[in-house]
2 protein chains.
Amino acid sequence: MANEKEKTEVRREQIARAALDVMARRGVRGLSVAALARSVGLVPSAIYRHFPSKDHVLDLVLDQLREHLLANVEAVQAERADALEALHALLRRHVKLLRENQAIPLLVFSDQIYSGRAERKTKMHAILQSYLAAVGDLIRAGQQARSIQSGVDPAVAAVLFLGLVQPAAILWHLSEGGFDVTRQAERAWRIFAKAMRRP
Amino acid sequence: MANEKEKTEVRREQIARAALDVMARRGVRGLSVAALARSVGLVPSAIYRHFPSKDHVLDLVLDQLREHLLANVEAVQAERADALEALHALLRRHVKLLRENQAIPLLVFSDQIYSGRAERKTKMHAILQSYLAAVGDLIRAGQQARSIQSGVDPAVAAVLFLGLVQPAAILWHLSEGGFDVTRQAERAWRIFAKAMRRP
DNA sequence: GTCTTTTGTGAATGTGCGTTCACAATATAG
DNA sequence: CTATATTGTGAACGCACATTCACAAAAGAC
């Protein structure tokens, strides 16, 4: 079935990638070991050469997600001096990330997280926390640089920042791709920025 | 097992209620027919006296959700003249609804919706759409009454309104109830209202 | 080249769970 | 009070699916 043998490290990446693809097409529930293997061009049992269990595949996906999110934060910090502009750029990157990995919202909200092993719930929580902390720091920096109002609580605003995209992502899935997330995020940003910007 | 026989209409309500309870405790994946039956004090097969399938239980839960959401909108329309105050009251009711039915976010985001029968996904979409439409109408009314800025797109703001709560609800679940949704919603509202209110 | 390790295969196992069905108990109608 | 409909029970069926295992093939070491 496999065209050729591959090193485990290569396969692990392929499998994590395939997991996202399968979930994007068939939903989280549709991610069976069989479907996963088929998508990579392997036989179900071969998955276990590279992962001790299906759970560990999702763990790797989550690890990659965390790295991607934090890389986005670092990138916008490096390329934008103004905090509000950095946040705006981060929002665009966030939307791009979700558009290119449509399964992410499905996974993040899935009961694979909430009913699964407690460790995974903890891991997901940690990912969100570190992202929120980074966004909060960005906002705090903006307040010190006098470009963001000092009255807003950075932690509160960071959570609201997530809210600029989250409902839109849900709508995008419910509408089978008919809802324009990019447009919604851009317009919601204007509202958000209006309240954040210092007069 | 059952203390006594009950009419189907009573049982259906009990079962729908129990479904939310079980999901709140064990997650959506933990909602087995067995767990559901046990929670009502029945034997698994008895569920099928009142519902043709487990799917139909969730359908009823969704129907009740829609009614509850729309009832909230009508209530705040009746009790508040000012649109922004009505929206604020709606937010509080929304938070209360989620706090009293902790399983709602889990269900709404679950793959029971996204990987299940297409009809349920459609139904969920319709529920969200009608809620968003109602919120949009509220905002439009506020614009005509000159209490809300005319520059904002009501549809965009309605989606953002959902974003005031949605990430908070996720965090609440991830933190095992440690995150204060009410507080977050209240403070996020101030930011939101600042951008919406007419100067 | 031979030996060892790594990767892939196909069949089999076990389990959880939705659903069905024949039968029992209770309520309702006439 | 009797007949019928409604509701509840326990056992059994079947299916989807994660996981295991003995064996095969390719890669790497020496």
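In what follows, every chain begins at residue 1, and chains take the letters A, B, ... in the order their sequences are listed. Because the structure is predicted, anything quoted here is derived from the model rather than measured.
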Whole-Å distance between C:dG18 P and B:Arg117 CZ?
-> 14 Å

A:Asp63 bridged to A:Lys123 by N-O distance under 4.0 Å = yes

Candidates C:dG10, C:dG18, D:dA25 - which lies nearest the side chain of A:Lys5 | D:dA25

Using atom OH of B:Tyr48 as one end and atom P of D:dA12 as the other, report the distance to the nearest whole Å.
-> 18 Å

Side-chain N or O of A:Thr8 less than 4.0 angstrom from OP1 or OP2 on C:dT7?
-> yes

Is there a side-chain polar atom (N or O) of A:Arg29 under 4.0 Å from OP1 or OP2 of D:dA16?
-> no

Among D:dA22, D:dA18, D:dG8, find the nucleotide with the atom closest to the side chain of A:Lys54.
-> D:dA18

Counting just side-chain N and O atoms, does A:His50 come under 4.0 Å of either OP1 or OP2 of C:dG8?
-> yes

Please give, in whole Å, the distance from D:dA16 C1' to A:Leu31 CG?
-> 14 Å

Can a salt bridge be assigned to the pair A:Lys7 and A:Glu9 using a cut-off of 4.0 Å between side-chain N and carboxylate O?
-> no

Per nearest nucleotide of DNA chain D, the residue lying toward the 5' end, A:Asp55 or B:Lys7, is B:Lys7

Mind calculating the distance between CZ (B:Arg38) and C1' (D:dG8) to the nearest angstrom?
-> 17 Å

OP1, OP2 of C:dG8 versus side-chain N and O of A:Arg11: anything below 4.0 Å?
-> yes

Length of the CZ-P vector between A:Phe51 and D:dT20, whole Å | 15 Å

Give the rounded distance in Å between these two atoms: CD of B:Glu4 and P of C:dT28.
-> 11 Å

How close or far is atom P of D:dC17 from atom CG of B:Asp111, stated in whole angstroms?
-> 12 Å

Aromatic ring proximity B:His94/B:Tyr131, centre distance under 6.0 Å | yes

Below 4.5 Å, heavy atoms only, C-beta onward: do B:Arg25 and B:Val22 meet side chain to side chain?
-> yes

Would you mind classifying the nucleic acid contact of B:Ile47 as base, sugar-phosphate or nothing, using non-hydrogen atoms under 4.0 angstrom?
-> nothing

Taking only the side-chain heavy atoms of A:Leu42 (C-beta and beyond), determine which of C:dG8, D:dG10, D:dT19 contains the nearest atom.
-> C:dG8

Salt bridge check: are B:Arg26 and A:Asp111 linked by an N-O gap of less than 4.0 Å?
-> no

Answer yes or no: does a side-chain N or O of B:Ser45 lie under 4.0 Å from OP1 or OP2 of D:dA11?
-> no

Measure the distance from NE2 on A:His56 to P on D:dA18 and round it to the nearest whole Å.
-> 15 Å

